[in-house]
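Take a look at the structure set out below.
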There are 2 protein chains.
Amino acid sequence: MTATEEGSALSEPTSEEACDRLAGAIERGALATLFGECTVAYDGRAASELGPGKRHVMCKPDGTVLVHTDEGQKPINWQPPGSDQSVRIEDGRLVLHSQRSNPDEELVVRFTNIDQLAVFETGETSTSLSVTGTEAEMKQRILEEPELIEPGFRPLATERTTPAGAVDIFGEDGKGRVVILELKRRRVGPDAVGQLNRYVEALERDLHAGVEIRGVLVAPSITDRVRRLLATNGLEFVALAP
Amino acid sequence: MTATEEGSALSEPTSEEACDRLAGAIERGALATLFGECTVAYDGRAASELGPGKRHVMCKPDGTVLVHTDEGQKPINWQPPGSDQSVRIEDGRLVLHSQRSNPDEELVVRFTNIDQLAVFETGETSTSLSVTGTEAEMKQRILEEPELIEPGFRPLATERTTPAGAVDIFGEDGKGRVVILELKRRRVGPDAVGQLNRYVEALERDLHAGVEIRGVLVAPSITDRVRRLLATNGLEFVALAP
DNA sequence: GCCTAGGTCCCGTCG
DNA sequence: CGACGGGGCCTAGGC
């Protein structure tokens, strides 16, 4: 039985047909997808084995490989952009091999059956995504309306560096005390307290002379544990949604 | 011009053909993919607009929707598992609408041209993924060979809870001092120090009576800044790869 | 359902 | 390049 071609899709191709087509697509910088029964092996930062099953495999022109099952938002296996793909026939079966370095990682997809191979031309990669509702927008709003934090607050710098890292917003309050703001666009967990605390302690050490530094977490809301953690560390919270 | 059908793929279908097929596939719990020129609008936790361009859209039976461009490992837009999809024709064009609640989010994909619509049967979702090289394995190794940390170290509990959260491994050293281990499977940044520090301080407060508690970060390697942060906080580092 | 932390996180940005 | 922190993070595990 020979494969039928329609547009740029092959239905039930032989391993050889699929191999040629896939290799050509990768070479040309096209986007290729396969659907069929396969096993997947990964070795790199971790290692994994995936037994036989029907999966959807996507090879992007930028070197990305994604293996999706019928569920989950994340691919069950993948290879990052910049990986090198090669295809070959082993024991009459199509094998897709992907490799990259730094870190060294490889992904091997072995097909026992190919339901479909499709090749797509993506053309120019022009239009861009515009997003709103980010932490950067929160920052902008606070810089324009510092009283959102409290009356008398004056921002002096953003991304000010400390030995522990960069502070989102650095400023002073109405009494001239140093104030550090850590911004979070969503309800925060304990990690943000650790972050804020690191900055405050680093700045206290850096400015020495027992300067009192106020650390303020700015977020839509916080969990109970975070409230307690803030209290025991002498830190504050200001509710502000992006 | 009418669509040509091959296997379960339609090449250059009309909007109506695509609409029927896609709706049927979603209804049946099949996996469907579309490739074509489209715009994408998202509104929910954030908001975004994506202008016209060729993209690959995948609808999974679990309610996931993924919109991929020709580059990047992550979809440029998506909807998480559990979302509800509906398709309709608007001004003669196919529109895929996806909605979910908690949080309320919607994704709208408007096609101006459909190169291909494919429907795949995934069948039983049996075989599972086995992974090695995880943090859990690190933990197991340390429990079996505590001397990997240091001679005399004795693990007493895993996931022991503190007011600041659960500690990876809780134990004591040869001199009977409490030791807290924070495990990381890869080279760590400053966040891990904040985490370990939170646990140590919380336990010191909890056990009170000025007990000295050793906090040890266990990871393959650390950055310079982390080394300094550990030092200033009186914490330690043990090199161990997963 | 919320909270917490891991992840082959990915990703952009800046040194 | 590495390092650092955000993300519509996603996902698994507790409670």
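First the proteins, then the strands, lettered A, B, ... as listed; each starts at 1.
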[X] side-chain N/O to [Y] backbone N/O, donor-acceptor pair under 3.5 Å:
{"X": "B:R55", "Y": "B:F35", "value": "no"}
{"X": "A:Q79", "Y": "A:E105", "value": "yes"}
{"X": "A:E49", "Y": "B:S130", "value": "no"}

- Query: Could you write nucleotides 5-14 of chain D as a row of B, S and -, 5' to 3', where a protein heavy atom under 4.0 Å of any base atom gives B, of only sugar-phosphate atoms gives S, and otherwise -?
  - Reply: SSSBBSS---

Using the [atom1] atom as the reference point in each nucleotide, state the distance between [N] and [M] in Å, no decimals.
{"N": "C:dC11", "M": "D:dT11", "atom1": "P", "value": "15 Å"}
{"N": "D:dG8", "M": "D:dC4", "atom1": "P", "value": "23 Å"}
{"N": "D:dG5", "M": "D:dC9", "atom1": "C1'", "value": "13 Å"}

Whole angstrom is fine here: how far is it from [atom1] in [X] over to [atom2] in [N]?
{"X": "A:D43", "N": "C:dT8", "atom1": "CG", "atom2": "P", "result": "13 Å"}
{"X": "B:N102", "N": "C:dC3", "atom1": "CG", "atom2": "C1'", "result": "14 Å"}
{"X": "B:L181", "N": "C:dG6", "atom1": "CG", "atom2": "P", "result": "13 Å"}
{"X": "A:Q99", "N": "C:dT8", "atom1": "CD", "atom2": "C1'", "result": "15 Å"}
{"X": "B:L196", "N": "C:dG6", "atom1": "CG", "atom2": "P", "result": "12 Å"}
{"X": "B:K139", "N": "C:dG7", "atom1": "NZ", "atom2": "P", "result": "10 Å"}
{"X": "A:D224", "N": "C:dG1", "atom1": "CG", "atom2": "C1'", "result": "15 Å"}
{"X": "A:L129", "N": "C:dC11", "atom1": "CG", "atom2": "P", "result": "13 Å"}

- Side chains of B:D168 and B:T158: do they bring a donor and an acceptor to under 3.5 Å?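 Note: B:D168 and B:T158 side chains miss the donor-acceptor criterion.
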
- Do B:L217 and B:L230 have side chains that get closer than 4.5 Å, going by heavy atoms?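 Yes. Closest side-chain heavy atoms under 4.5 Å.
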
- Message: Evaluate B:D173 against B:R214 for salt bridge (Lys or Arg N to Asp or Glu O under 4.0 Å), listing each step before the verdict.
- Response: CA-CA 9 Å; B:D173 66 13; B:R214 296 175 55 195; 2.9 Å; yes

- Message: For DNA chain D, which residues of residues 232-242 of chain A approach it to below 4.0 angstrom with any heavy atom?
- Response: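 Output list: empty, so none.
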
- Query: Nearest 0.5 Å, what's the CG-CD1 distance between A:L148 and A:I142?
  - Reply: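 Atom-to-atom, A:L148:CG and A:I142:CD1 are 7.0 Å apart.
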
- Residues which pass side chain to side chain contact (heavy atoms under 4.5 Å, CB included) with B:A202, listed by chain and number, not counting sequence neighbours: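 If we apply the side chain to side chain contact (heavy atoms under 4.5 Å, CB included) test to B:A202, skipping adjacent residues, the hits are B:T162, B:P163, B:A164.
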
- Can you name the residues that form a side chain to side chain contact (heavy atoms under 4.5 Å, CB included) with B:A241, not counting sequence neighbours?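 Scan of B:A241 (side chain to side chain contact (heavy atoms under 4.5 Å, CB included), adjacent residues dropped) gives B:P220.
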
Residues 180-197 of chain A, side-chain donor-acceptor partners within the protein, below 3.5 Å, at least two apart:
from   : atom 1 : to     : atom 2 : distance (Å)
A:E182 : OE2    : A:K184 : NZ     : 3.3
A:E182 : OE2    : A:Q195 : NE2    : 3.4
A:K184 : NZ     : A:Q195 : OE1    : 3.3
A:R185 : NE     : A:G133 : O      : 2.8
A:R185 : NH2    : A:G133 : O      : 2.8
A:R185 : NH2    : B:R45  : O      : 2.7
A:R187 : NH1    : A:S221 : OG     : 3.0
A:R187 : NH1    : A:I222 : O      : 3.4
A:R187 : NH2    : A:I222 : O      : 3.4
A:Q195 : NE2    : A:Y199 : OH     : 3.4
A:N197 : ND2    : A:N233 : OD1    : 3.1

- Item | side chain to side chain donor-acceptor pair (under 3.5 Å), paired with A:H97, selected from A:E90, A:Q85, A:E106, A:R110 |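 Among A:E90, A:Q85, A:E106, A:R110, the one that satisfies the side chain to side chain donor-acceptor pair (under 3.5 Å) with A:H97 is A:E106.
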
- Ranges pairing with ranges for DNA chain D, where each run has three or more Watson-Crick or G-U pairs under 3.5 Å: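 Stem list for DNA chain D: C:1-7 with D:9-15, C:9-15 with D:1-7.
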
- Using only side-chain N and O atoms of B:T223, determine if any of them is under 4.0 Å from OP1 or OP2 of D:dG2.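 For D:dG2, neither OP1 nor OP2 has a side-chain N or O of B:T223 closer than 4.0 Å.
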
- Is B:R88 atom CZ crowded by more than 12 heavy atoms from other residues, nucleotides or ligands, each under 6.0 Å away?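 Atom CZ in B:R88 is crowded, with more than 12 foreign heavy atoms closer than 6.0 Å.
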
